[in-house]
Amino acid sequence: MNFNATLIGQIISFAVFVWFTMKFVWPLLLKQMQDRETKIADGLAAADKGQQALVDAERRRAELVDEGKHHAADIVNQAQKRGDEILEESKSNAKSEAARLIHAAKAEIDRERSQARENLKREVAILALAGAEQILMREVDKNAHNAILAKVSSEL
Amino acid sequence: MATAETNAHETELTPNTYMQHHLQNLVLGKLPAGYERADGEVLEHETWTLAHSPAESKAMGFWSYNIDTLGWSIFLGMLFCFFFHRVARKSVDGAPSGFHNLIEMCLEFVNKNVKDAFSGTSNVIGPLALTVFIWIVLMNTMDLFPVDVLPLVMQKVSGNPHMYFKVVPTTDPNITFGLSISVFLLIIFYSIKMKGIGGFIGELTLHPFHSKNPLLQAVLIPCNLALEGISLMAKPVSLALRLFGNMYAGELLFLLIAMLGYWQLPFHFIWAVFHILVILLQAFVFMMLTIIYLSMAHEHH
């Protein structure tokens, strides 16, 4: 074992390397790792939160869907009811309208009939007058009278 | 002595010279004037040069450098700093890539061990433990390069076929003691910082034997000092020798296997696989003990 100044050289280089590590390696690396650690922890926490939010959203969605279904069923029921109502209403409307129309038509028919009768009466009178004129203008001719009378009565 | 070394270089390669050559560091140092070198050249002036034999490196005295192990050690330390800094500087949005993950895994591993074993708060202990762990792993991993490859490359590059080149820094006690002495200095620094000089001395002298009688206490103090002093000194020594011993033994085994001829291949593989465990385990043990020693230094009794 030869001891020489290598010993001192080694001590000095050891001191320098330890100083270098202390200054430029250890704190930087440690900080880097700690930063990453917190980042990963944050990321995991965020992921947990996201997971929770997802579960919440899922539940909320189910609730909304349920609600929507109920709502839709309500609306359908209402519509059905309303439709029935409208149907009933229009049926009764149509019935009353038909009754009214029939009534009106009957009235019209009655009116026209009475009018026709009036007209007929007037024409009969005119015909009677005309018949009388003819009779008066000719000599009395029984046969002719009869014929005219028969003609008048057939025209009534 | 010098001629004997010269002969050793020129004679046929024997297992002994092979091993010795591999266990010799590439030493840069100053040879005194008038020194006769291994090749018979006599130096006129004192010269900075590379040692060509163990005797030369010994003659260079303390102020010489094992530039192979120290160079690898610094290179690997810079590699560690470079890669870790590059990853640390680059902030990543989202998932990090593979290499980034590897670096963060190392950091997390070290940080967890620091948190488990270190009771106080300190912004030195984490970086210290990380540096110790990764640097020692890298230095030990040099053991997995086939023992002759890098020296051979270096010998070809330098043009000197006898060039010494040790590539595993932790098989050099200078390197392991350099680490453990640094840790030891930190232990003393933190002991004094946390407990004061009086507290530190008290810890060394008033435990484990304690008496209310002042006279008896005066007798017990040297015993305590001896016990506590030895246990304090044992820390850096055991720290350095454990790492050095494990890696040196591993290197020796690789060298022995390398002399088996063609049979070395399966054995190299088996030993390398086993050695991966040693590499990581020794780095881990060194790091853990560093943390524990510093934790003890921070604690009050």
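Only heavy atoms go into these numbers, but all of them, side chains included; no hydrogens, no water, no symmetry mates. Chain naming here is simple, since letters A, B, ... match the order of the sequence lines and numbering starts at 1 in each.
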> Could you go through B:Tyr65 and A:Asn4, starting from their C-alpha distance and side-chain angles, then the distance that decides it, and tell me whether this counts as side-chain contact (heavy atoms from CB on, under 4.5 Å)?
CA-CA 6 Å; B:Tyr65 301 88; A:Asn4 57 25; 5.8 Å; no
> According to ring-ring contact (aromatic ring centres under 6.0 Å, His included), who are the partners of B:Phe109, at least two apart in sequence or on a separate chain?
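ring-ring contact (aromatic ring centres under 6.0 Å, His included) check on B:Phe109 returns B:Phe133, B:Phe284.
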> Side chain, backbone, both or neither: which part of B:Met60 has a non-hydrogen atom closer than 4.5 Å to chain A?
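For B:Met60, there is no contact with chain A at all, as no heavy atom is under 4.5 Å.
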> Taking all atoms of both residues into account, what is the closest heavy-atom pair of B:Lys90 and A:Gln32, and its distance?
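Taking B:Lys90 first and A:Gln32 second, the nearest heavy atoms are O-NE2, 3.0 Å.
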> Go through B:Leu128, B:Val124, B:Leu107 and name the one with the most non-hydrogen pairs under 4.5 angstrom from chain A.
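Most heavy-atom pairs within the cutoff with chain A belong to B:Leu107.
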> Rounded to the nearest 0.5 Å, what separation is found between the OG1 atom of A:Thr6 and the CG atom of B:Asp68?
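One finds 8.5 Å between OG1 of A:Thr6 and CG of B:Asp68.
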> Tell me if the CZ atom of A:Arg117 is crowded by more than 12 foreign heavy atoms within 6.0 Å.
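Open: at most 12 neighbouring heavy atoms sit under 6.0 Å from CZ of A:Arg117.
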> Quick one: which of B:Leu70, B:Ile175, B:Ile181 has the most heavy-atom pairs under 4.5 Å with chain A, could you say?
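Highest number of heavy-atom pairs under 4.5 Å: B:Ile175.
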> Of all the residues in residues 55-69 of chain A, which have a heavy atom that comes within less than 4.5 Å of a heavy atom in chain B?
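No residue falls under the 4.5 Å cut-off.
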> Using ring-ring contact (aromatic ring centres under 6.0 Å, His included) as the criterion, list what pairs up with B:Phe75, not counting sequence neighbours.
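Scan of B:Phe75 (ring-ring contact (aromatic ring centres under 6.0 Å, His included), adjacent residues dropped) gives B:Trp72.
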> In terms of heavy-atom proximity below 4.5 Å to chain A, should B:Phe80 be classed as side chain, backbone, both, or neither?
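Contact with chain A is through the side chain of B:Phe80 alone.
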> Can you name the closest pair of heavy atoms from B:Phe62 and A:Phe3 and give their distance?
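Looking at all heavy atoms of both residues, the shortest contact is CD1-O, 3.7 Å.
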> Go through the atoms of B:Asn123 and report whether side chain, backbone, both or neither lie under 4.5 Å from a heavy atom of chain A.
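Backbone of B:Asn123 only, per the 4.5 Å heavy-atom cut-off to chain A.
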> Would you please go through residues 13-31 of chain A and name the residues with a non-hydrogen atom below 4.5 Å from one of chain B, in numerical order?
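At a heavy-atom separation under 4.5 Å, chain B is reached by A:Ser13, A:Phe14, A:Phe17, A:Val18, A:Phe20, A:Thr21, A:Met22, A:Phe24, A:Val25, A:Trp26, A:Leu28, A:Leu29, A:Leu30.
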> Select one option (side chain, backbone, both, neither) describing which atoms of B:Asp172 are under 4.5 Å from chain A's heavy atoms.
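Contact with chain A is through the side chain of B:Asp172 alone.
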> When you measure from the side chain of A:Gln10 to the backbone of B:Thr176, do you find a donor-acceptor pair of N or O atoms at a distance under 3.5 Å?
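Looks like no, no N/O pair under 3.5 Å.
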> For B:Ile74, which atoms come within 4.5 Å of any heavy atom of chain A: side chain, backbone, both, or neither?
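Both the backbone and the side chain of B:Ile74 come within 4.5 Å of chain A.
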